[in-house]
Amino acid sequence: MIQADLVVHGIGQLVTCEAAQGEGPLGLLEQAAVAARNGQIVWVGPTGRWSRRVRLSEGGLLVDAGGRCVVPGFVDSHVHLLWAGSRADEAAARIRGQAFPDGGILRTVRETRAAGEDALVEIGRGRLRSFLKHGVTTLEAKSGYGLSVESEEALLRAAARLAEEGPQAVVSTFLGAHVVPDERVAAEYLDEVCEVMLPRFRGLATFCDAWSDPGAFDSDQCRRVLSRAAELGYLLKLHAAQLAPGDGVRLAVELGATSVDHIHYLREGDARLLALSQIVCVLCPGTAVNLRMAAEGSARTLAGAGARLAVASDFNPGTSASENMCLSIGLACLELGLTPEEALAGATIGGARALRLQRRCGSVRLGKRCDLALLEADSYLEIPYRLGVNLVSATICNGQLAYSA
Ligand code: NIG
Ligand code: FE
């Protein structure tokens, strides 16, 4: 008998996101059960058989999924988790087609700097709770709204404190090269990023990210930051071609980045280049919608070329203030033209790849962390169909029932 401290049984449709484990590209199992011990999946099989194979320890938890659909906990691989203030007024102005003076990233930078580390932890804690309600069990936390040594450090420390608290796994990314802060000249600011911040934050962030686009940094500036980061042992990400066509994709491939994110615009040959590489293309449909970008062409081209895809919220104060991953999946289908299977895989195993965590999470498989989202639906096809509805009724994170409606 296999010992377990958690059993989820009565699962009508289990989406494993491991094609070899079941039907179709998502590896579907009908009438299934999952057992875990110490946060790890130890058994997956037919629900009628679990009690003959698994011994649930005294005090262990038995969850009845009631015939509903269960998916791997969502892995949100592009998240600007920590910032202060709100830009709802600016978003409303954009909707109305009106100008909004003195808005943008630098407005959030001012408010974030003023908030300080403890307040950011408090804000982040509330956001993590909401992500959990939306089934997100692993997520990224980018810095990038401090843009000074002191404030970027406060953001990274806040993220580290939140990662320590759990229950979700939080992966930290240093985004010092988000934009040039108000008071600085680009070249000098980047000197500081490369010579002071990157060495100093080495133990605080897994990834280094930069933004290559007009109004942010050009590809030579991004190359400088990311090459230095790679020397120091960071893994790399790049925001690229979000606002205009550019050579960010080539740069990300050249530097062996883990992911290249947004890519609303592709240049000739980019899709092939990406498909031949190991890079994950992180698509952020909420942002495409907010910016009213027709990004369907590039997303379909990438999918058609066979590039690795992830679907993420891009949770941030300016262009996508939603942590609802069911919405992101729905928009990935309806705005970017992904199939429901591509979109759901992108929000789970694809996201895990974009964070280099594919061995630990993102699918239902023996030995992986037991992260599950129980849906108020009998099929994953309801996610894009019931657009915008958070179908998550319970979230299991690291083998514990972390949220239940
Ligand atoms: O992902 N691309 C970079 N940054 C954000 C925008 C951030 C903001 O407006 O605050 C994005 O869209
Ligand atoms: Fe972003």
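None of the values given here were measured: they were computed from a predicted structure. Whatever order the structure lists ligands and atoms in, that order sets their numbers, starting from 1.
Looking only at protein heavy atoms, the nearest one to atom 1 (O) of ligand 1 is Asp314 OD2, 2.7 Å. From the protein, the heavy atom lying nearest to atom 2 (N) of ligand 1 is Gln242 OE1, 2.6 Å.
Atoms of the protein (N, O or S only) found under 2.8 Å from the Fe ion (ligand 2) are His78 NE2, His80 NE2, His239 NE2, Asp314 OD1.
Between the side chains of Tyr145 and Glu111, no donor-acceptor pair is found at a separation under 3.5 Å. Residues Asn290 and Ser320 have side chains that never bring a donor and an acceptor to within less than 3.5 angstrom of each other.
Between His80 and His178, the two ring planes are parallel [angle under 30°; tilted spans 30° to 60°]. Between Trp211 and His239, the ring planes lie tilted relative to each other; the angle falls in the 30° to 60° range.
For Gln98, the side chain to side chain contact (heavy atoms under 4.5 Å, CB included) partners two or more places apart in sequence, or in a different chain, are Ala93, Arg96.
Near Thr319, the atoms of ligand 1 lying under 4.0 angstrom from a non-hydrogen atom of the residue are 6 (C), 11 (C), 12 (O). Close approach of ligand 1 to Tyr145 (heavy-atom distance below 4.0 Å) involves ligand atoms 7 (C), 8 (C), 10 (O). Applying the 4.0 Å criterion to heavy atoms of Pro317 picks out, from ligand 1, the atoms 10 (O). Within the listing of ligand 1, atoms 8 (C), 9 (O), 10 (O) sit less than 4.0 angstrom from a heavy atom of Gly318.
Because its NZ or CZ atom is both nearer than 6.0 Å to the ring centre of Trp83 and within 45° of the ring axis, Arg127 counts as a cation-pi partner of that residue.
With respect to the salt-bridge test (charged N to carboxylate O, under 4.0 angstrom), the residues Arg200 and Glu152 do not qualify. Between Arg224 and Asp218, none of the side-chain N atoms (NZ, or NE/NH1/NH2) sits under 4.0 Å from a carboxylate O, so this pair counts as no salt bridge. Taking 4.0 Å as the cut-off between side-chain N and carboxylate O, Arg161 and Glu164 do not count as a salt-bridged pair.
By the criterion of a heavy-atom distance under 4.0 Å, the side chain of Trp211, and not its backbone, is placed next to ligand 1.
By heavy-atom distance, the residue among Arg87, His178, His239 lying nearest atom 4 (N) of ligand 1 is His178. The option from Val179, Leu175, Asn316 that lies nearest to atom 6 (C) of ligand 1, judged by heavy atoms, is Asn316.
In this structure, Thr108 falls outside the shell of residues with a heavy atom less than 4.0 angstrom from ligand 1.
Evaluation of the salt bridge (Lys or Arg N to Asp or Glu O under 4.0 Å) test over residues 244-265, restricted to residues two or more places apart or in two chains, returns Arg223-Glu254, Arg250-Asp270. Residue pairs meeting the side chain to side chain donor-acceptor pair (under 3.5 Å) criterion with at least one member in residues 359-368, sequence neighbours excluded: Glu18-Ser363, Glu18-Arg365, Ser363-Lys368.
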